[in-house]
Amino acid sequence: MALEFSPETLKTFEATVARYPQKEAAMLPVLYLAQREFGHLGPEAIEYVAKLMGQAPARVNGVVSFYTMYNMKPIGRHHIQVCRTLSCALRGAEEVTAFLKQKLGIECGQTTADGRFTLTEVECLASCGSAPMMQVNDDYYEDLSEEKIEQILDGMK
Amino acid sequence: MEKLLLRNIGVPGSHTLATYQSRGGYGSWRKVVETLKPEQLIDEVKASGLRGRGGAGFPTGMKWSFVPKDSPKPKYLVCNADESEPGTFKDRLLIEQDPHALIEGTMIAAFAIQSHTAFIYIRGEMVFGTIRLEQAVAEAYQAGLIGKNIFGTGYDLDVIVHRGAGAYICGEETALLSSLEGGRGWPKVKPPFPATHGLFGCPTVVNNVETLAALPWILERGAAAYSAMGTEKSKGTKLFSVSGHIVRPGVYEVEMGYPFKKFLEEDCGGVPNGKKLKGVIPGGGSMPVLKPDEIEKVNLDYESVAAAGSLLGSGGVIVMDETVCMVRAAWNIARFYAHESCGQCSPCREGCHWMEKIFSRVEHGGAQKNDLDLILNMAGNIAGNTICPFGDAAAMPAGAFIRKYRDEFEAHIAAGKCTVRG
């Protein structure tokens with residue numbers, strides 16, 4: 001069966017579109033809705049959003065592929081994103097990434113076999129005064145140390 | 001010094017409407033809507049000398065005055081809350097801890113250009129900030145501060161919080177508008193400027209968070225009080241985000257013109273562990289690095305930092321001690337720009353990647369003797385040859401690192417490896 005929103009999400013979709021003076025302005029929030037509903041934005045999800053928004057799938061694909069926060073492939077339940085930009089690098093970001101790789105047994109861009117964690121290196125997350133830091137899903141974790149990272153990972157099922 | 005922008009930070013419940021109003025919040029908004037004409041408001045902000053805090057430092061009142069008054073099209077006010085400049089985290093603090101000041105400022109700016117729809121474009125990664133802003137906007141609607149027929153004056157205004165989705169370039173105002181229109185965050189050629197052809201081709205003003213957050217204070221205390229602070233051309237106060245090798249990292253508010261060296265050593269506690277300073281970036285990752293002897297007489301204002309050969313930019317101060325490998329630092333910044341180039345203009349799309357590759361081989365081995373001149377040549381071919389200032393932002397730090405620490409770069413090439421980290 002083709003992908004589609006639940007009746008409840010469809011209502012949220014309509015309310016989202018109604019907030020904007022032009023329908024296409026709702027593209028980014030609608031893509032977030034789709035990502036939440038479908039887990040990731042694969043070709044089928046993109047085609048469905050294109051239909052809802054009245055646009056060509058190629059255009060939607062172009063939007064999705066431009067932004068780092070839309071996942072075109074499935075990712076783990078906990079998406080660990082380590083900031084690697086200068087302020088964090090000066091305060092040990094490389095060591096944080098190395099520790100996570102060793103702890104999780106994966107390289108950056110990979111997901112653990114149990115589907116629990118995906119590890120990514122990202123650019124500056126505007127948390128430079130509390131470096132090194134990482135974002136896991138929606139939350140920031142700052143002033144990281146190895147002990148702190150272990151505690152954070154242990155709390156994530 | 002009296003704090004303007006950070007005056008509510010640290011107050012318990014600073015993010016709530018009750019606390020904000022108990023401290024005089026939305027008083028300026030009421031005063032503006034009930035007693036001022038848009039032209040009077042624009043004149044007041046012009047007189048204050050407030051300049052855009054996003055990095056370019058353009059006078060705010062003047063930017064507003066470019067919006068045509070007789071346009072039949074809707075007008076839009078957009079708050080740029082897409083803070084992404086490396087080393088900058090001041091806007092995030094305001095968004096999370098004092099969202100009502102930002103919303104009040106956004107509304108004041110919207111009134112100045114007689115816009116009835118304002119957007120706050122917040123960086124996608126800032127989920128907590130989005131929640132805080134959405135809660136604050138909802139509170140303001142409920143209290144009748146936003147919405148239809150505000151204070152019975154007949155003025156309508158909607159404020160919409162809009163999340164980006166991860167792209168540094170969307171901090172550039174025309175890219176932000178492309179993104180808000182639902183497309184890839186591609187910058188547009190200027191002119192025409194957003195003031196006449198912005199969001200959906202309508203007159204639009206884009207202002208940074210810190211700029212907007214300064215407005216409630218300016219309207220409360222008057223333009224003269226604001227322009228009494230700072231230097232001749234850089235008025236008021238500015239936020240600085242301090243990171244890297246520094247004893248007390250964080251967000252600081254200082255009066256424009258404050259001595260840079262004193263700021264680093266006394267306010268921020270200096271370089272930790274008895275180490276010496278090797279270099280400092282004064283205005284975010286896009287700006288040229290300064291050596292210790294170059295900051296001796298620099299003051300924290302637009303003109304003084306420019307005279308020293310760098311730029312105040314976003315006020316993102318990145319401090320590097322004597323242990324830092326400047327090749328690695330330059331490579332780190334080059335890698336950022338290679339990752340973030342939007343790909344529209346060839347000089348930037350190709351050049352940023354090549355600069356990153358060459359910096360990488362200087363650091364890791366395999367570099368050739370003429371590689372440094374090659375990077376300088378490339379940087380020169382990128383700067384000024386792209387649609388938006390991103391090209392300059394990538395070229396400036398690359399050139400500065402090489403010119404100022406050339407011996408270290410040459411030692412790397414001669415050794416075929418990093419000579420600082422071993």
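Chain letters run A, B, ... following the sequence lines, proteins first and then strands; every chain starts at 1. Worth saying up front: this structure is predicted, and the values here are computed from it rather than measured.
- Counting all heavy atoms, side chain and backbone alike, B:Asn332 lies closest to A:Ala89 at ND2-CB, 3.4 Å.
- Here the CG atom belonging to A:Asp138 is positioned 7.0 Å from the CD1 atom belonging to B:Ile131, to the nearest 0.5 angstrom.
- For the pair A:Cys124 and B:Gly87, the tightest heavy-atom approach, listed with the atom from each and the gap, is SG-N, 3.8 Å.
- With rounding to the nearest 0.5 angstrom, the OG atom of A:Ser87 is 11.5 Å from the CD1 atom of B:Ile246.
- When heavy atoms are compared at a cutoff of 4.5 Å, A:Arg84 approaches chain B by way of both its backbone and its side chain.
- With a 4.5 Å cut-off on side-chain heavy atoms, B:Phe89 and A:Ser127 do not count as touching.
- Under the 4.5 Å side-chain criterion, counting only non-hydrogen atoms from C-beta, B:Arg184 is in contact with A:Ser65.
- Using a 4.0 Å cut-off between a side-chain N of Lys or Arg and a carboxylate O of Asp or Glu, B:Arg92 and A:Glu142 qualify as a salt bridge.
- Put simply, CG on A:Leu28 and OH on B:Tyr121 are 5.5 Å apart, with the number rounded to the nearest 0.5 Å.
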task = With side chain to side chain contact (heavy atoms under 4.5 Å, CB included) as the test, would you mind laying out the steps for B:Ile281 and A:Leu86 before giving the verdict?
result = CA-CA 11 Å; B:Ile281 298 173; A:Leu86 188 56; 3.8 Å; yes
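- With rounding to the nearest 0.5 angstrom, the CD atom of A:Gln22 is 4.5 Å from the CZ atom of B:Phe200.
- Using a cut-off of 4.0 Å between Lys/Arg side-chain N and Asp/Glu carboxylate O, A:Glu94 and B:Arg328 are scored as salt-bridged.
- Atom NZ of A:Lys11 sits in a sparse spot, with 12 or fewer heavy atoms from other residues, nucleotides or ligands closer than 6.0 Å.
- Residue B:Gln135 places its CD atom among more than 12 non-hydrogen atoms of other residues, nucleotides or ligands, all under 6.0 Å distant.
- Looking only at side-chain heavy atoms (C-beta outward), A:Glu123 and B:Pro86 stay at 4.5 Å or farther from each other.
- From A:Tyr140, atom OH reaches atom CD of B:Glu96 across 8.0 Å, with rounding to the nearest 0.5 Å.
- With a threshold of 4.5 angstrom between heavy atoms, B:Phe119 approaches chain A through side-chain atoms but not through N, CA, C or O.
- In this structure, no portion of B:Val251 lies under 4.5 Å from any heavy atom of chain A.
- Of the two parts of A:Gln135, only the side chain, counted from C-beta on, holds a non-hydrogen atom closer than 4.5 Å to a non-hydrogen atom of chain B.
- Taking all atoms of both residues into account, the shortest heavy-atom contact from B:Pro249 to A:Arg91 is CG-NH1, 4.3 Å.
- By number of non-hydrogen pairs under 4.5 angstrom with chain A, the leading residue of B:Ser84, B:Ala165, B:Gly124, B:Gly343 is B:Ala165.
- Taking chain A as the reference chain and counting heavy-atom pairs below 4.5 Å, the highest number among B:Arg163, B:Met126, B:Glu83, B:Arg248 is found for B:Arg163.
- Between the side chains of B:Ser179 and A:Tyr67, at least one donor N or O sits under 3.5 Å from an acceptor N or O.
- Looking only at heavy-atom pairs under 4.5 Å with chain B, the residue among A:Pro21, A:Ala131, A:Cys83 that has the most is A:Pro21.
- Between A:Leu90 atom CG and B:Asp321 atom CG the span is 8.0 Å, to the nearest 0.5 Å.
- Only the side chain of B:Ile169 comes within less than 4.5 Å of a heavy atom in chain A; its backbone stays farther off.
- Top candidate by heavy-atom pairs under 4.5 Å with chain A, chosen from B:Glu85, B:Glu340, B:Glu125, B:His339, is B:Glu125.
- Aromatic ring orientation, B:Trp186 versus A:Phe66: perpendicular (interplanar angle above 60°, classes split at 30° and 60°).
- Across B:Ser243 and A:Gly129, no two heavy atoms sit closer than the pair CB-N, 4.2 Å.
- Using a 4.5 Å cut-off between heavy atoms, B:Cys170 touches chain A through its side chain atoms alone.
- Of the two parts of B:Leu199, neither the backbone nor the side chain holds a non-hydrogen atom closer than 4.5 Å to a non-hydrogen atom of chain A.
- Note: B:Gly183 leads B:Ser241, B:Gly183, B:Gly316 in heavy-atom pairs under 4.5 Å with chain A.
- Residues B:His162 and A:Ala25 come closest through the heavy atom pair CE1-O, 3.3 Å.
- Proximity to chain A is limited to the backbone of B:Val242, based on heavy atoms less than 4.5 angstrom apart.
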